[in-house]
Amino acid sequence: MKFHIKYYKDGVDKNQWNKVVEESPTAWLYHTADWIDVAVFYEQKYENRSESLNASIPIYTKKGELLAGLPLFFYLNGPSLYGYAGPFYNKKLTENKKEKITEMIYNIVDNLCVNNSLKFCKFRYTMLADDYINKKVTHNPLLKYGYFYNLDDIFRLQAENYLLRVVNLAKPLDVLYSELGQKCRNSVNKAKKSGLTYKVSSSSEFIKIYSSIKAGPSHCEEYMIEAVKRLGDRIKIFIVYHEDIPIAVSRIDAYKNKLFYWSNGSKPEYLKYSPNNFLIWSVIEWGKENGYEWLDIGNTYENKLQNMKVKFLNKILILQLQRDIIFYGRRDERHQGRCIYYSS
């Protein structure tokens, strides 16, 4: 089988792209054409990257069947490459063909980096894809196609110290609740006794409330309207109320049978009611009730927000998976290799 490349920016069938993503065990929401459209809108509108170029890479057969793809952005004013997710593959592909396509993709990326003297190139793999979350991935492009320092150097470079936390919603709700730390159970109980409630929607009213509490370009009303326009009810906005007053919000991205904890924010004057712990527990409760199987609560770092997540999910932590990241660095004393490190 011969593989043919046609850059996304030169025109792709978005329906075909989305269909392959929907069926692929290596793909999730951040591989979809709809998400790529949202990302282009955000980067050009809010990151002052008017010259951003959608460099996403589709791989086709001669007859035009989509075999694989890689969401990718080329920032000309950086210059740098960034992938919101790793490559995805058509479910029909054998492991041998995946290997060949993977090599082709990373050769293309490497040539882009070298030919354009890029500062870096980074990919963050979407661990909510079935093959990753179930640990069925048999190929690792980071190890096979990258040039690494020894492992000690790789781990020493992990300044951000990523640790992915995923909750298995298939467990009984009472078991999940019992596995919370004692302080967290106390705070959730306190929140309930204080009369906190929550609602879920993606309506314009909820967007307005969300943006009034959660600050930042990626949470502003204009961006959220555009995101919901493109992604529809795959964006869930949770709002926590105290006596009918909205006091905390969260955006949860939903796709297939999995949820991603995108963000949360709360009003400082209401923190005494523990709205953040109540909010996370409400997402767990709602996700389970609505048939979702996994909740990715995001990476953890050594800062206040992430420590809150760690403490909250004391025993509820189910998986510690690699969320692979590739850095292509300039050829200098500090970054002598192509792939600088992956973090876990």
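Remember, predicted model here, so these are calculated numbers, not experimental data.
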Task: Chi angles and distances behind the ring pair (Phe, Tyr, Trp, His ring centres under 6.0 Å) call for Trp35, Trp17 - done: CA-CA 12 Å; Trp35 171 257; Trp17 178 285; over 10 Å; no

Open item on the list: Is there a side-chain contact (heavy atoms from CB on, under 4.5 Å) between Ile235 and Arg251? Walk through the geometry before answering.
Closed with: CA-CA 7 Å; Ile235 291 181; Arg251 168 181 163 178; 3.7 Å; yes

- [ ] Dump the intermediate steps for side-chain contact (heavy atoms from CB on, under 4.5 Å) on Val12 and Tyr60, then the final yes or no.
- [x] CA-CA 11 Å; Val12 298; Tyr60 292 95; 3.5 Å; yes

Task: Stepwise side-chain contact (heavy atoms from CB on, under 4.5 Å) test for Val200 and Phe206 - done: CA-CA 8 Å; Val200 185; Phe206 271 51; 5.7 Å; no

TODO: Evaluate the salt bridge (charged side-chain N to carboxylate O under 4.0 Å, His left out) criterion for residues Glu205 and Lys208: first the C-alpha distance (whole Å), next the side-chain angles of each, then the deciding distance (0.1 Å), finally the verdict.
DONE: CA-CA 5 Å; Glu205 178 188 358; Lys208 188 179 292 290; over 6 Å; no

Task: Test log, rule side-chain contact (heavy atoms from CB on, under 4.5 Å), inputs Lys214 and Asn264 - done: CA-CA 7 Å; Lys214 183 65 177 177; Asn264 84 289; 5.5 Å; no

TODO: Assess whether salt bridge (charged side-chain N to carboxylate O under 4.0 Å, His left out) is satisfied between Glu22 and Lys256, documenting all intermediate values.
DONE: CA-CA 8 Å; Glu22 177 69 30; Lys256 298 182 179 178; 5.8 Å; no

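Here the closest heavy-atom approach between residue Asn277 and residue Ser187 is recorded as ND2-OG, 2.8 Å. The two residues Asn18 and Ala33 have their closest heavy-atom pair at OD1-N, 2.8 Å. For the pair Pro246 and Ile209, the tightest heavy-atom approach, listed with the atom from each and the gap, is CB-CG2, 3.6 Å. Taking all atoms of both residues into account, the shortest heavy-atom contact from Leu196 to Pro275 is CD1-CA, 4.0 Å. What you find for Ser178 and Arg185 is that their closest heavy atoms are O-NH1, 3.0 Å. The two atoms that bring Asn90 and Leu66 nearest to each other are ND2-O, 2.8 Å, heavy atoms only.
Ile280 has its side chain within reach of Tyr261: a pair of non-hydrogen atoms, C-beta onward, lies under 4.5 Å apart. A heavy-atom distance below 4.5 Å is found between the side chains of Thr102 and Tyr89. Using a 4.5 Å heavy-atom threshold, the side chains of Lys236 and Trp286 count as touching. Proximity of Leu231 to Val38: side-chain heavy atoms (C-beta onward) are separated by under 4.5 Å at one or more points. Within the 4.5 Å cutoff, the side chain of Asp253 has no heavy atoms near those of the Leu259 side chain. In this structure, the side chains of Phe88 and Trp28 stay at 4.5 Å or more apart for every pair of heavy atoms. Between Tyr255 and His31, every side-chain heavy-atom pair lies at or beyond the 4.5 Å cut-off. Within the 4.5 Å cutoff, the side chain of Ser194 has heavy atoms near those of the Lys190 side chain.
For the atom pair CD (Glu222) and CD1 (Ile207), the distance works out to 12.0 Å, reported to the nearest 0.5 Å.
Neither Trp281 nor Leu271 shares a network with the other; the hydrophobic side chains, linked directly or stepwise wherever heavy atoms of I, L, V, M, F, W or Y lie under 4.5 Å apart, form separate groups for each. Taken together through direct or relayed side-chain contacts under 4.5 Å among Ile, Leu, Val, Met, Phe, Trp and Tyr, Ile245 and Tyr273 form part of one hydrophobic cluster.
For the pairing with Asp34, the side chain to side chain donor-acceptor pair (under 3.5 Å) check across Arg234, Lys14, Arg230 returns one residue only, Arg234.
Counting only N and O atoms by type, the side chains of Tyr210 and Ser250 include no donor and acceptor under 3.5 Å apart.
Checked against the 6.0 Å centroid threshold, Tyr42 and Tyr223 count as a close aromatic pair. Checked against the 6.0 Å centroid criterion, the rings of Phe260 and Trp294 do not qualify as a close aromatic pair.
Between the Gln16 side chain and the Gly64 main chain, a donor and an acceptor come within less than 3.5 Å of each other. Side-chain atoms of Lys267 never come within 3.5 Å of backbone atoms of Ile247 as a donor-acceptor pair (strictly under, hydrogens ignored). Under the 3.5 Å distance criterion, the side-chain polar atoms of Ser56 are matched with a main-chain donor or acceptor of Leu72.
Both cation-pi conditions hold for Lys199 and Tyr241: the charged atom is under 6.0 angstrom from the six-membered ring centre and inside a 45 degree cone around its axis.
In this structure, Lys192 places its NZ atom where more than 12 heavy-atom neighbours from other residues, nucleotides or ligands lie under 6.0 Å away.
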